[in-house]
Amino acid sequence: MSNTTALPISALHERVEAIFRKAGLNAIQSGALARVITAGERDACKSHGIYRIEGTLRTVKAGKVKPDAVPELVLQEGSAIVRVNAKCGFANPAFELGVPALADRARACGLAALVINDCTHFSALWPEVEALTEQGLAGLVMCPSYSTVAPTGGNKPLLGTNPIAFGWPRMGKSPYVFDFATSVAARGEIELHRRAGKPLPEGWAIDADGNPTTDPEAALAGAMLPFGGHKGSAIGTMVELLAGIMIGDLTSPEVLEYLGTTTLAPPHGELILAFSPQAFSAGRPGDPFARAETLFEQIAGQGARLPSQRRYAARARSEAEGIVLTAAEIEQLDRLLAL
Ligand code: NDP
Ligand code: PYC
């Protein structure tokens, strides 16, 4: 491929971390952000890779996230709920702090929850479910965002793109993981289409007058649509209830009201659930992991692919050949490092 550079994964990580350190983020914040952004590029998830660095820096500059935050773990004896207060920093270091206690309690109780409050969140969720599957646990992660999605039957942004991700551990294989926005596509995809001057696929968005549009600018000024019509609309609402209201944190409309823009990363909370398949299936016939393998084989047997297969293939390529970046992307990294 011409005009591209293949960077070793560790080299991209170092560059991204250096950008954040130079921008005044402490080591805890910079390290966790560099890990998640580098993982996004490594797995060819462009909507949550290095493209997110500028928005993150804008959010820091606007004073909407604390660059030197140190998250705080709050454990209550006998409770299956582990809490981490992100102290107005990013969600990623708060997750890293809370995950060992979450895993311990999920193994002890069968089911445990990690509640992250007062965090800014911009990243993909699959790194978090993978952190749970690595421990032999199933995981379900969700968070609100800010109002950009019209509920089905409505025509104004209200719900967030509210991602939801699930992971199931597999012995000796990459886990079963899906991770998607509850809108037709992530907002990051709309922005990437705008930057590339490409029209959107039909059915992604409506303009400010409520008419269907394939123009990214009109979509950003209008509203995105939930995936699967009323079904995605209801699941997006569930995310607002469980990962916003239930955990005592902001909903997507409240985030937008506070932030006043969708050009900065949104502050809210996050809910992470961890399940022990052994504990749930104890006393019942069959090994849950072996039974899951049968199901995956049946899916693949029809010629269908499992979610995350594209991502794992990209990861294997990046591990073998490095992360391929365009000249414009390398320039962007150099420019951000020189700021
Ligand atoms: P996509 O629609 O691109 O993909 C969603 C999932 O579906 C992936 O797990 C993908 O696996 C899988 N998939 C895609 N095609 C197939 C297929 N043909 N067969 C089986 N599985 C398939 O994702 P979105 O645009 O909705 O979201 C992208 C990212 O944006 C997510 O990581 C999400 O967490 C993030 N996001 C974050 C938000 C936040 O507030 N922090 C808000 C919204 C989104 P594969 O990757 O292998 O293709
Ligand atoms: O891509 O929809 C999105 C998004 C919102 C916040 C972070 N990512």
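Every number for a ligand or one of its atoms is a count from 1 in the order of the listing.
In the hydrophobic clustering of this structure, Ile19 groups with Leu7; members are Ile, Leu, Val, Met, Phe, Trp, Tyr whose side-chain heavy atoms approach within less than 4.5 Å, directly or through other members. Phe122 and Val84 end up in different hydrophobic clusters when Ile, Leu, Val, Met, Phe, Trp and Tyr side chains are linked at under 4.5 Å. Residues Phe227 and Trp204 are members of separate hydrophobic clusters, defined by side-chain heavy-atom contacts under 4.5 angstrom among Ile, Leu, Val, Met, Phe, Trp and Tyr. Criterion: ILVMFWY side-chain heavy atoms under 4.5 Å apart, direct or through other members. Under it, Leu192 and Ile330 are not part of a common hydrophobic cluster. Under the 4.5 Å side-chain contact rule for hydrophobic residues, Val74 and Leu97 do not share a cluster.
Scanning the protein for heavy atoms near atom 42 (C) of ligand 1, the closest one is Thr161 OG1, 3.2 Å. Of the protein's non-hydrogen atoms, the one nearest atom 15 (N) of ligand 1 is Arg305 NH2, 3.2 Å. Nearest protein heavy-atom neighbour of atom 37 (C) of ligand 1: His48 NE2, 3.4 Å. Regarding atom 21 (N) of ligand 1, its nearest protein heavy-atom neighbour is Pro307 CA, 3.4 Å. Protein heavy atom at the shortest distance from atom 41 (N) of ligand 1 is Ser123 O, 2.8 Å. Counting only heavy atoms of the protein, atom 25 (O) of ligand 1 lies nearest to Ala186 N, 3.1 Å. Atom 45 (P) of ligand 1 has Arg310 NE, 3.5 Å as its closest protein atom, hydrogens excluded (heavy atom only). Counting protein heavy atoms only, atom 7 (O) of ligand 1 is closest to Phe180 CD2, 4.2 Å.
Atom numbering of ligand 1 starts at 1 in the shown order; those under 4.0 Å from a heavy atom of Leu125 are 34 (O). Those atoms of ligand 1 with a heavy atom of His121 less than 4.0 angstrom away are 41 (N). In summary, the atoms of ligand 1 found under 4.0 Å from a heavy atom of Gln309, numbered by their order in the structure, are 47 (O). Taking every non-hydrogen atom of Phe122 and a distance limit under 4.0 Å, the qualifying atoms of ligand 1 come out as 41 (N). Each of the following atoms of ligand 1 lies closer than 4.0 Å to a heavy atom of Trp126: 32 (O).
Other residues, nucleotides and ligands contribute more than 12 heavy atoms inside 6.0 Å of the NZ atom of Lys22. More than 12 heavy atoms of other residues, nucleotides or ligands shown are found within 6.0 angstrom of CZ on Arg305. Atom CD of Glu257 has 12 or fewer heavy atoms from other residues, nucleotides or ligands within 6.0 Å.
At least one test fails for Lys173 against the ring of Phe296: distance under 6.0 Å to the centre or angle within 45° of the axis.
Of the polar atoms of Glu189, none of the N or O atoms is found under 3.5 Å from an N or O of ligand 1, judged by distance alone. For ligand 1, the polar-atom distance check against Ala181 finds a nitrogen or oxygen pair separated by under 3.5 Å. Checked by distance only, ligand 1 and Ala124 stay at 3.5 Å or farther apart across all their nitrogen or oxygen atoms.
The minimum heavy-atom distance linking Thr133 with Gly167 is given by the pair CG2-C, 3.5 Å. Thr56 approaches Arg52 most closely through the heavy-atom pair OG1-O, 2.7 Å.
Between His121 and His268, the angle of the ring planes stays under 30°, which puts this pair in the parallel group of the 30/60° scheme.
Heavy-atom distances between Ser308 and ligand 1 reach below 4.0 Å in at least one pair.
When Gly40, Pro163, Cys45, Ser183 are checked for heavy-atom proximity to atom 40 (O) of ligand 1, Pro163 turns out nearest. Proximity annotation for atom 4 (O) of ligand 1: of Ile190, Asp179, Val184, Asp179 comes nearest, heavy atoms only.
Checked by atom type, the side-chain pair Asn85/Asp118 shows a donor-acceptor distance below 3.5 Å.
The aromatic ring centroids of Trp126 and Phe178 lie 6.0 Å or more from each other.
Comment: Arg311 engages Glu130 in a salt bridge, judged by a side-chain N to carboxylate O separation of less than 4.0 angstrom.
Enumerated by chain and number, the residues approaching ligand 2 to less than 4.0 Å through a heavy atom are His48, Arg52, Phe122, Ser145, Thr161, Ala186, Arg187, Gly188.
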